[in-house]
Amino acid sequence: MNQRIAIIDLGSNSARLIIVEIYANGSYNLIYHQKDAVRLGQEADKNRQLQLEAMARTMSLLKSFAHMCQIFHTDKILGVGTAALRNAVNGSEFVKKIQKETGISIDIISGEKEAKLGYLGAINTLDVTDAILFDLGGGSTELTLIKNRKAEEVISLPFGAVTLTERFKLENKATEGQLADLDEFLSQELAKVPWLETLNLPLIGIGGTARSIGKMEQKRNHYPLLKLHNYRTSSLSFHSLWEDVIKMSCAQRRKIAGLSSERADIIISGLAIVKHLFEKIDSTQLIISSCGVREGLFLQYYLSQTGQTELLDPLSHSTDNMLSFYSGNTGHAGQVARLANGLFDDWQEILGLQPRNRTLLKVAALLHDIGITVSYYDHARHSAYLIENARLFGLSHREQIMAAIIAGWHHSPSVKYSYNRIYNEFLDAANWQTARKLALLLALAEGLDTTQMSLVEKVTTNISKKQAQLILTTKQELLLELQAVKKHSKWFKRETGLELAVSTASL
């Protein structure tokens, strides 16, 4: 049976609700998302008390969340509260009131638990081996040292964008003195973390400040995609953004493209923390993760239900999830992927392909027919659109577009994709050429399973000066498969300069 799981993350600055549906075949999909600023931690540092107005705002939003959970008929609600609740002496009392008035149970989690959930959300959706992960919220900042994809060190620092803004009075234009005081404070605090040193590792950023950095950078650079997860920016670009923002008043910051007006008053403190992390570990790159505590909480639940381990291969898992979600023919998809990768291994050299291209080919092969869900007619184009916009994890934005084009060309190459402005802004001539060659291998592999009966047991290739030969080992006749493959002989010659010869051998 299907399950609908609601995840609520109640932070110091904002609260979020996501609803994810888990289907009978094990696939899952996000079906609802709501987020609003509540500033629950506002002025809570004065006497470690949540303020009445902040609690009223939060309660109003949580009642809205509860209503949406009822509308969507959720089966389970998993709610967590972070720094504002755990630091306030009346945090537990407020949680009891939330339970009474909304029916939502909020678990106040430790900083270490928050860091673990953020780590699970990020590491299972990014192809990163070593990094420093930061989860920068309103009232705390969690840091995780990732080595070989595992969390080696974790710490929760008791300050975030909201608390530092209030402490150093940075709501409006920052003075040199205020910035100097903030710099001194952050230098002293980060110096207390013994393992935070010159690591030369990339930063992975979770939380509203990190997302804002990504959005502002994308607007400044006229980035053509509306995709934030796995967006990467350099330390040089970040420091340019920092220098511009600190010169502005809050009213001016509200006009920055990519920065929400509700975050304009606290962005300087958030950026300052990221700046010090860049400098402390001598990092040159920031990777934005849109997946964090909420996704970590969902995956923790999902994996506990399916008996899987906490560490996933992001690309394999998300590709398999997508194939199952669109009810693809997994047997046919797997056979085409196996044949396509076999052809790649044999012909990589004559086609001038790079090892990483094999990964793109496999993804495109597994998902090449999912467009049938939309319509069988022109389903290659539908598959391309679905792949381009999917939550595929483990590919760069450029690679995901290339995988989409490869799938879209699995019958034949078409010039219509070259008219797509976004594609042309991402891909150069070499990328287009690579996509055509990989699409050729996919077209041949699909042709070898035209009947979708996995009749081809083995493929052997031979290459001479003028000819490439395919020898197909099978137990049955391959009339349709042979016809399908021979249709691509002209395409093959254009890409390789060789004639394509196909023959069969019986088992």
Side-chain angles (χ1 to χ4, degrees), residues 11-14 16 33 35-37 39 118 121-122 125-126 128 131-138 141 159-165 168 170-174 178-179 182-183 186 202-281 283-292 396-398 421-422 425-426:
S12 302
N13 182 57
S14 61
R16 287 177 179 265
H33 173 231
K35 174 255 179 182
D36 279 296
R39 295 288 171 92
T125 57
L126 291 170
V128 177
I132 292 290
L133 170 67
F134 68 84
D135 185 351
L136 204 171
T141 302
F159 54 81
V162 173
T163 53
L164 289 188
T165 296
F168 294 96
L170 295 165
E171 293 87 350
N172 207 337
K173 189 172 183 178
Q178 288 171 322
L179 291 175
L182 177 60
D183 276 345
L186 288 172
L203 288 168
I204 300 175
I206 296 174
T209 295
R211 290 191 297 272
S212 294
I213 292 169
K215 290 175 183 178
M216 289 187 287
E217 290 278 8
Q218 287 183 341
K219 291 295 184 181
R220 283 159 69 95
N221 298 325
H222 306 289
Y223 198 68
L225 270 189
L226 295 175
K227 189 185 293 288
L228 191 59
H229 186 72
N230 202 22
Y231 177 75
R232 303 182 179 213
T233 187
S234 68
S235 59
L236 185 65
S237 184
F238 170 81
H239 279 89
S240 175
L241 174 67
W242 162 259
E243 291 296 335
D244 289 343
V245 171
I246 59 174
K247 298 173 185 175
M248 299 179 183
S249 65
C250 187
Q252 291 172 320
R253 296 196 297 269
R254 285 197 171 93
K255 297 178 182 178
I256 298 176
L259 179 64
S260 65
S261 59
E262 64 189 29
R263 192 169 289 275
D265 59 335
I266 61 173
I267 192 62
I268 287 180
S269 293
L271 293 181
I273 296 172
V274 179
K275 172 178 170 287
H276 275 263
L277 288 173
F278 259 121
E279 294 167 355
K280 180 70 175 176
I281 70 169
S283 178
T284 60
Q285 185 183 60
L286 169 62
I287 304 168
I288 308 300
S289 175
S290 294
C291 298
S396 70
H397 295 178
R398 177 180 286 105
R421 178 185 63 82
I422 293 176
E425 288 190 31
F426 266 93

Task: Worked check of side chain to side chain contact (heavy atoms under 4.5 Å, CB included) between R232 and N230 - done: CA-CA 6 Å; R232 303 182 179 213; N230 202 22; 3.0 Å; yes

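- No donor-acceptor pair closer than 3.5 Å links the side chain of N172 to the backbone N or O of S249.
- R220 and S237 share no side-chain donor-acceptor pair at under 3.5 Å.
- Between S289 and the choices I206, D135, V128, L228, the side chain to side chain contact (heavy atoms under 4.5 Å, CB included) rule is met once, by I206.
- Here the OG1-CD1 distance, from T125 to I204, works out to 8.5 Å after rounding to the nearest 0.5 Å.
- Between G258 and K215, the shortest heavy-atom distance links the atoms O-CB, 3.3 Å.
- Of all heavy-atom pairs between L182 and A272, the closest is CD2-CB, 3.5 Å.
- One finds no salt bridge joining E243 and K247 here, because no Lys/Arg side-chain nitrogen approaches an Asp/Glu carboxylate oxygen to under 4.0 Å.
- Other residues, nucleotides and ligands contribute only 12 or fewer heavy atoms inside 6.0 Å of the NZ atom of K219.
- Nearest heavy-atom pair across S212 and R263 is OG-CD, 3.1 Å.
- When all heavy atoms are compared, the tightest approach of F134 to A210 is CE1-CB, 4.2 Å.
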- [ ] Mind running side chain to side chain contact (heavy atoms under 4.5 Å, CB included) on L179 and I246 for me, showing each step along the way?
- [x] CA-CA 9 Å; L179 291 175; I246 59 174; 4.2 Å; yes

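- Side-chain atoms of R254 never come within 3.5 Å of backbone atoms of A264 as a donor-acceptor pair (strictly under, hydrogens ignored).
- With rounding to the nearest 0.5 Å, the separation of CD in Q178 from CD1 in I268 is 8.5 Å.
- Remark: T233 OG1 to L203 CG distance equals 11.0 Å, nearest 0.5 Å.
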Open item on the list: Is there a side chain to side chain contact (heavy atoms under 4.5 Å, CB included) between L286 and E217? Walk through the geometry before answering.
Closed with: CA-CA 11 Å; L286 169 62; E217 290 278 8; over 6 Å; no

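- Checked by atom type and distance alone, the side chain of T141 pairs as donor or acceptor with a backbone atom of F159 at under 3.5 Å.
- Taking CD1 of I266 as the reference point, atom CG of N13 lies at 4.0 Å (rounded to 0.5 Å).
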Open item on the list: One pair to check against side chain to side chain contact (heavy atoms under 4.5 Å, CB included): L225 and F426. What are the steps and the verdict?
Closed with: CA-CA 9 Å; L225 270 189; F426 266 93; 3.5 Å; yes

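- Two residues are said to be in side-chain contact when any heavy atoms from C-beta on lie closer than 4.5 Å; I281 and L277 fail this criterion.
- H239 and F278 have tilted rings, their planes meeting at an angle from 30° to 60° on a 0 to 90° scale.
- Side chains of D183 and K275 form a contact here, defined as non-hydrogen atoms less than 4.5 Å apart.
- Here the CD1 atom belonging to I256 is positioned 8.0 Å from the CG atom belonging to D244, to the nearest 0.5 angstrom.
- Between atom SG of residue C291 and atom NE2 of residue H229 there is a gap of 4.5 Å, rounded to the nearest 0.5 Å.
- Closest non-hydrogen pair, R39 versus E262, comes out as NH2-O, 2.6 Å.
- Evaluation of the side chain to side chain donor-acceptor pair (under 3.5 Å) rule for S269 yields T165 as partners, not counting sequence neighbours.
- Between Y223 and H397, the two ring planes are tilted [angle within 30° to 60°].
- Closest of all the heavy-atom pairs between E171 and R253 is O-NH2, 2.7 Å.
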